[in-house]
Amino acid sequence: MSGKPAFYITTPIYYVNDNPHIGHAYTTLACDVMARFMRLDGHDVMFLTGTDEHGQKVEKAAREAGLDPRAFCDKVSKNFRILAKEWNFSNDDFIRTTEPRHVRSVQALWRRLEEAGEIYLDHYEGWYAVRDEAFYAEDELGEGPDGRKLAPSGAPVEWVKEPSYFFRLSAWRDRLLDLYDSRPGFIMPETRRNEVRSFVAGGLRDLSISRTSFSWGVPVPGDPGHVMYVWIDALTNYITAAGYPDEDGGDFRRRWPALHMVGKDILRFHAVYWPAFLMAAGIEVPRRVFAHGWWTSEGRKISKSLGNVIVPSEIVARYGLDQVRYTLMREVNFGNDGDFSHRGTVRRCNHDLANDYGNLAQRVLSMIARNCGGRAPRPGDLNDGDRELLDGAYGLLPATREHIAVQAFHLMLQAIWGVVGDANRYVDEQAPWALRKTDPARMETVLYVLAETLRVLALLTQPVMPESSSRLLDQLAVPESERQFDRLNADHALRPGADLPEPTGVFPRYRDEEQGAA
RNA sequence: GGCGGAGUAGCUCAGUCGGUAGAGCAGGGGAAUCAUAAUCCCUGUGUCGGGGGUUCGAGUCCCUCCUCCGCUACCA
């Protein structure tokens, strides 16, 4: 295998019954940017996404669709593969919990936990609504006119008791607290870490990890009347894809542990249950669990009744894929909630991309095309101003590395755009259009410095905007083989005299059809 | 109720070890003309949520109050 350091990153596996929405796209996008950055920066990356396909809801939805659960999953799981293609996600694997490799993996983990004495058989009981096929907590219930207890949906509930296997989560309180305290970066952002910590500090109850009320799931080894409940089944996908249970053969030791990217709604499962399972099984805990925020739409909570749902394929069709990728990564501090608005997106598309970055490329490339015979300029001696701009550009790699290491995508882009601004100022100060008449040699130097700066910028924007960056690099005649981050220095600078293709705009302006549309 | 976070320019937010408040966007004025009418320069008299305290000096520390948000277990 390669000697490159390994980097493993995962999205949650998405519940196959859902339609892909902005939340799915956002989580996966963040992972994609991370994965692309690390690949370009010399890591052996594994980027995993997939679908969670078991459970009562899927079983029921399949029945309603008149399909076998497996056939149903085959059909709807495809929606997430389509999303990945549509958004240019570079996942290396797509795991489905119904695959044999996963069934084998979860069952192996189960046995390991059982051998360790971490699992015991008891009863799960609670208020159950037959109509909803769901359990409800006491405080969720209301009362009907006849005094009967009702689910929030209005369905009558009854107290039911079913046998269930339990995981001894309660025993892991202190060891989890030690984990959080000894590894401050284990849960990010910090405010989420505080929440999880206080939740765990308050004491944990054992966790029900099997069901007998449905059968669409992984059978419990040695007790086929039970299927595994969501926690242990779904979370285990992360080690399945890394090669578990073959811990010593294959890539497991090299790949694992992973960085888990999750929405804040499922943080607890990843930051409490999952590390407890792993520690109990003697497996290393994840490298980090990062919980990102939610999007609102035009300042409001997204809801179907408000009609402000953001459909991934629609915004891509409207603004362009790389434009949307850029906006989502730039608009908010990663980890916080953010608002997705038409006005804001257009501002990003037109100001940041079309004006600042796209127009910089266009003004430089078209001057080169016109004044340097369609070839990369030949520089003379560099002065302090030239070096300052180039040093700023070369300095971006260490800066962006630091931001990427803590998933600060917005800061990475801010840093890059700092150099975009420097380059635009440099064009104005140097005024190469004037030099054309007074000092053509100096003009070539200036244009060379700018073209080299563009090369650096285009290399660095690859993780966020792969397609557009690639087109820009094509226009600079940077070969595919020269686009890794180890080329981000003067030793690999643009080759003077290289033939350049005819420049064309990469980031078009967004124009509203309707005047003054908000 | 408990725990955690936040309240700084019209908007979104930065503000390290306490030392006379900053950036981007929006708005106003100007320069330039290579470029996707894009770019560049200039322009901010803000009770730093209220009150009290420590200090020579507090957005930055302490107390208190107000407002908003998140978490407070079986919903991927």
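Lettering of chains follows the sequences in order, A, B, ..., and the numbering in each one begins at 1. Computed over heavy atoms, backbone and side chain alike; hydrogens, waters and symmetry mates excluded.
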Can you check the A:Asn17 CG to B:C75 C1' distance for me, whole Å? 13 Å

With no hydrogens and no angle check, is any side-chain donor or acceptor of A:Gln475 less than 3.5 Å from a backbone partner on A:Leu500? no

Expected string for nucleotides 29-40 of chain B under the B/S/- scheme (protein heavy atoms, under 4.0 Å, primed atoms plus P, OP1, OP2 as sugar-phosphate) is ---SSBBB-SBS

What residues in residues 441-458 of chain A put a non-hydrogen atom under 4.0 Å from any atom of RNA chain B? none

Donor-acceptor check, side chain of A:Ser198 to backbone of A:Glu195, threshold 3.5 angstrom: yes or no? yes

Base, sugar-phosphate alone, or nothing: which one does A:Ile209 contact when heavy atoms must sit under 4.0 Å apart? nothing

Minimum-distance nucleotide (side-chain atoms of A:Ser208 versus B:C74, B:A76, B:A73): B:C74

Parallel under 30°, tilted from 30 to 60°, perpendicular over 60°: which one fits the rings of A:His292 and A:Tyr26? perpendicular

Give a yes or no on whether the backbone of A:Pro20 and the side-chain of A:Asp18 come within a donor-acceptor separation of less than 3.5 Å. no

Taking atom C1' in both B:G57 and B:G19, compute the distance separating them and give it to the nearest angstrom. 6 Å

Mind checking A:His270 for me? I need base, sugar-phosphate or nothing, with any heavy atom below 4.0 Å counting as a touch. base

Over all strands shown, is A:Gly203 touching base, sugar-phosphate only, or nothing at heavy-atom distances under 4.0 angstrom? base

Measuring only the C1' atom in each nucleotide, how far is B:G15 from B:A58? A whole number of Å is fine. 13 Å

